[in-house]
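Written out below as structure tokens is the structure these notes cover.
One is the number of the first residue; the rest follow in order along the sequence. Excluded from the calculations below are hydrogen atoms, water molecules and symmetry mates; all remaining heavy atoms, backbone and side chain alike, are included.
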Amino acid sequence: MRILIVEDEPLIAMDLEDILHEASDVDCVWARDVAGGLMQVARGVDFALLDFDLGHQTSLPVALRLQAEAIPFCFVSGSLSDLPPAMRRIPSIAKPFRAADIHRLLTTAA
């Protein structure tokens, strides 16, 4: 399974990657911004974890692309209250997250 992590904070992205590797044999790719996220989606991913607030932009364009391609994803963000109404049905985990929450999410995505 190839999992995209869209996260602007490198330490959080590395933490998520470590948690994912503990839970399963996955291939993780990481993007810090929308352009990188869209590039990784174009290369092919099976699942994505998106931070909504990426500093000066949001991950909404990546979320919309994932939806258009029927690729499952989840928001892992401290800005869940900022999600547009149409995105509030998407599974989400609030920061700070626990490893158990990420593990549980991965089992439902696999």
Side-chain angles (χ1 to χ4, degrees):
M1 175 181 263
R2 189 164 193 246
I3 299 178
L4 168 62
I5 300 168
V6 178
E7 172 60 63
D8 61 324
E9 294 292 333
L11 290 176
I12 295 173
M14 288 185 286
D15 191 27
L16 284 168
E17 187 173 7
D18 288 345
I19 291 168
L20 292 167
H21 282 132
E22 288 171 4
S24 185
D25 183 26
V26 296
D27 177 26
C28 294
V29 292
W30 176 48
R32 294 182 73 160
D33 56 25
V34 169
L38 292 172
M39 182 179 66
Q40 293 296 349
V41 172
R43 290 181 177 166
V45 298
D46 301 303
F47 188 74
L49 300 174
L50 308 179
D51 182 7
F52 186 68
D53 182 1
L54 301 174
H56 300 310
Q57 58 186 181
T58 71
S59 63
L60 186 58
V62 179
L64 293 171
R65 174 74 56 85
L66 291 164
Q67 276 188 325
E69 296 190 22
I71 299 169
F73 65 97
C74 173
F75 289 105
V76 179
S77 182
S79 303
L80 296 177
S81 62
D82 296 334
L83 289 173
M87 289 290 158
R88 292 188 182 147
R89 296 172 297 190
I90 302 300
S92 61
I93 297 172
K95 289 180 182 174
F97 52 83
R98 297 176 306 142
D101 296 330
I102 305 298
H103 290 171
R104 190 171 22 264
L105 177 71
L106 188 59
T107 60
T108 63

- Begin with the C-alpha distance, continue with both residues' side-chain angles, and end with the deciding distance and a verdict on side chain to side chain contact (heavy atoms under 4.5 Å, CB included) for Leu16 and Ile3. CA-CA 11 Å; Leu16 284 168; Ile3 299 178; over 6 Å; no

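The two atoms that bring Pro61 and Val34 nearest to each other are CB-CG1, 3.7 Å, heavy atoms only. For the pair Gln40 and Trp30, the tightest heavy-atom approach, listed with the atom from each and the gap, is NE2-O, 4.4 Å. Contact between Phe75 and Ala63 at its shortest, heavy atoms only, is CZ-CB, 3.9 Å. Scanning all heavy atoms of the two residues, the minimum distance from Phe52 to Asp82 falls at CE2-O, 3.6 Å. Contact record, Arg88 with Ser81: NH2-O, 3.4 Å, taken as the closest heavy-atom pair. Asp33 approaches Val6 most closely through the heavy-atom pair O-CG1, 4.3 Å.
You'll find the side chain of Asp27 stays beyond 4.5 Å of the side chain of Asp46, heavy atoms only. Side-chain atoms of Ile12 and Phe97, non-hydrogen and from C-beta on, do get closer than 4.5 Å to each other.
Atom CD1 of Ile71 and atom CZ of Arg2 lie 10.5 Å apart (nearest 0.5 Å). Taking CG of Asp15 as the start and CD1 of Ile19 as the end, the distance is 4.0 Å to the nearest 0.5 Å. The structure places CG of Leu60 at 12.5 Å from CG of Asp53, a figure rounded to the nearest 0.5 Å. In this structure, the separation between CG on Leu20 and CG on Leu49 is 5.5 Å, given to the nearest 0.5 Å.
Screening residues 57-78 for side-chain hydrogen bond (donor to acceptor under 3.5 Å, both in side chains) gives Asp51-Ser77 as the qualifying pairs, with residues at least two apart or on separate chains.
Transitive grouping of hydrophobic side chains (ILVMFWY, heavy atoms separated by less than 4.5 Å) keeps Ile5 and Val62 in distinct clusters. Residue Ile90 is not grouped with residue Ile93 when hydrophobic side chains (ILVMFWY) are merged at heavy-atom distances under 4.5 angstrom, including chains of intermediate members. Following chains of ILVMFWY side-chain contacts shorter than 4.5 Å, one can reach Leu64 starting from Val41, so the two form part of one hydrophobic cluster. Hydrophobic clustering, with ILVMFWY side chains joined whenever heavy atoms are under 4.5 angstrom apart, groups Leu83 together with Leu66. Put simply, Met14 and Val76 are part of two different groups of oily side chains (I, L, V, M, F, W, Y) that touch within less than 4.5 Å, one to the next.
Under a 4.0 Å N-O distance rule, the pair Glu7/Lys95 qualifies as a salt bridge.
Residues forming a side chain to side chain donor-acceptor pair (under 3.5 Å) with Arg89 (at least two apart in sequence, or on another chain): none.
Looking at Leu50, Asp101, Leu105 one by one, the single match for side-chain contact (heavy atoms from CB on, under 4.5 Å) with Cys74 turns out to be Leu105.
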